[in-house]
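Small disclaimer: the values here were computed from a predicted structure and weren't measured.
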Protein chains: 2
Amino acid sequence: MNIAGAAARTGLPPKTIRYYEDIGLVRPDRSANGYRDFGGPDLHKLAFLARARSLGFTIEDCRALLALYEDRQRTSADVKRVAEEHLARIDRKLAELESMRQALGRLVERCQGDERPECPIIDDLAGGSPAAERPAA
Amino acid sequence: MNIAGAAARTGLPPKTIRYYEDIGLVRPDRSANGYRDFGGPDLHKLAFLARARSLGFTIEDCRALLALYEDRQRTSADVKRVAEEHLARIDRKLAELESMRQALGRLVERCQGDERPECPIIDDLAGGSPAAERPAA
DNA sequence: GATAGAGCTTCCCGTCACTGGAGGGTCAAG
DNA sequence: CTTGACCCTCCAGTGACGGGAAGCTCTATC
């Protein structure tokens, strides 16, 4: 199966599939004309990668997970450890974004959004009330 | 004030301050020896940038916000629009991360994390139950 | 005055996970 | 035989810096 077929089956863009080959995540055969030829196992790996990436795993996580996927000696503890580390990264990022969302949301609420120049958002950025309105900043 | 002083005052690393000059966000004077010399307005701008970046604004947002900061003809509506667009970006990212967190969290919960190879996480990535366990994927 | 060490400068490369585009070969249909 | 849709490789750019090399300047000490 050509790259466009593999792309259609996995939802990954052809460019991404080529990139995954570049970095050694898949090794499709080559047809006589030099075209990549994806077999069943390649398609499974690509689908695996697409799913893992959609869960936010990094490429290196994906590499490790693929290796575990193909390792019959793996333990579920190995897999769980990778997933839990990623979960922790997600939680840290969520906390960061939620804190931003809260701070920015408060400022936006207080901004009149009219034709006048006075603006609590700009005031805050400019250092407005350096310790009062931004507790524990 | 030298770059190390500016860094200490604003919390920004010297590298970042040089980068901000490179891309035209600040234009500190130069001393006779070629060293950057940050004055009061430069320090204010850098602090403004540090605060805006900590709220997750992109560099281009920061450029726009700095321009509004210095524009006496600005309206608070201009500022609010930039902030609301960023808020929307944050909310989209939060929704994405929360969806990842939920999907991954369910898988991790169901994984025994023992010495056996059976693992719902790997099974899911490998396409486990393509429509059952991942509703609306 | 010599020297050591810290601090400053510029410049270039690397990050992460792709994406876009140039330049060129291959294939199927009409 | 040409057209258009594929495919290939290689290079450059993204965002927002960080690391590190090579070299100049300042300050303190001897």
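Along DNA chain C, read 5' to 3', the first and last nucleotides having any atom under 4.0 Å from a heavy atom of chain A are dA17(C) to dC27(C). First and last contacts of DNA chain D with chain B, using any nucleotide atom under 4.0 Å from a protein heavy atom and ordered 5' to 3', fall at dA16(D) to dC26(D).
At a threshold of 4.0 Å, the pair Glu21(A)-Arg27(A) does not count as salt-bridged, since none of the basic side-chain nitrogens sits closer than that to a carboxylate oxygen. At a threshold of 4.0 Å, the pair Glu85(A)-Arg81(A) counts as salt-bridged, since one of the basic side-chain nitrogens sits closer than that to a carboxylate oxygen. Look at Asp123(A) and Arg110(A) and you find no salt bridge, because none of the NZ, NE, NH1 or NH2 atoms lies under 4.0 Å from a carboxylate O.
Side chain of Ser76(A) to main chain of Gly113(B): a donor-acceptor pair is present (N/O by atom type, distance under 3.5 Å, no hydrogens or angles). Looking at Arg36(A), its side chain never comes within 3.5 Å of a backbone N or O of Arg30(A) through a donor-acceptor pair. No side-chain donor-acceptor contact under 3.5 Å links Lys45(A) to the backbone of Val26(A). Between the side chain of Arg51(B) and the backbone N or O of Leu46(B) there is no donor-acceptor pair closer than 3.5 Å. The backbone N or O of Gly34(B) lies less than 3.5 Å from no partner atom in the side chain of Ser31(B), so there is not a single donor-acceptor pair. Judged by distance alone, with hydrogens and angles left aside, the side-chain atoms of Asn2(B) form no donor-acceptor pair with the main-chain N or O of Ala4(B) at under 3.5 Å.
Contacts between residues 56-70 of chain A and DNA chain C, counted as heavy-atom distances below 4.0 Å, involve Thr58(A), Ile59(A). Shown for residues 36-46 of chain B: no residue has heavy atoms falling under 4.0 angstrom of DNA chain D. Looking at residues 2-25 of chain A, you'll see Asn2(A), Ile3(A), Ala4(A), Lys15(A), Arg18(A) sit with a heavy atom under 4.0 Å from some atom of DNA chain D. Near DNA chain D, meaning a heavy atom under 4.0 Å away, there are no residues from residues 81-93 of chain B.
Residues passing the ring-ring contact (aromatic ring centres under 6.0 Å, His included) test with Phe38(B): none are found, sequence neighbours excluded. Applying the side-chain hydrogen bond (donor to acceptor under 3.5 Å, both in side chains) criterion to Asp42(A), with sequence neighbours excluded, gives no partner residue. Residues forming a side-chain hydrogen bond (donor to acceptor under 3.5 Å, both in side chains) with Ser99(B) (at least two apart in sequence, or on another chain): none. Residues that satisfy the side-chain hydrogen bond (donor to acceptor under 3.5 Å, both in side chains) test with Glu109(B), not counting sequence neighbours, are absent from this structure. Judged as a side-chain hydrogen bond (donor to acceptor under 3.5 Å, both in side chains), and not counting sequence neighbours, the contacts of Arg116(B) are Asp114(B).
Residues Leu49(A) and Tyr19(A) are members of one and the same hydrophobic cluster, defined by side-chain heavy-atom contacts under 4.5 angstrom among Ile, Leu, Val, Met, Phe, Trp and Tyr.
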Donor-acceptor contacts under 3.5 Å from residues 7-17 of chain B side chains, at least two apart:
{"residue": "Thr10(B)", "atom": "OG1", "partner": "Ala6(B)", "partner atom": "O", "Å": "2.8"}
{"residue": "Thr10(B)", "atom": "OG1", "partner": "Leu12(B)", "partner atom": "N", "Å": "3.2"}

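Using the six-membered ring where Trp is involved, Phe57(A) and His86(A) have ring planes that are tilted, between 30° and 60° apart.
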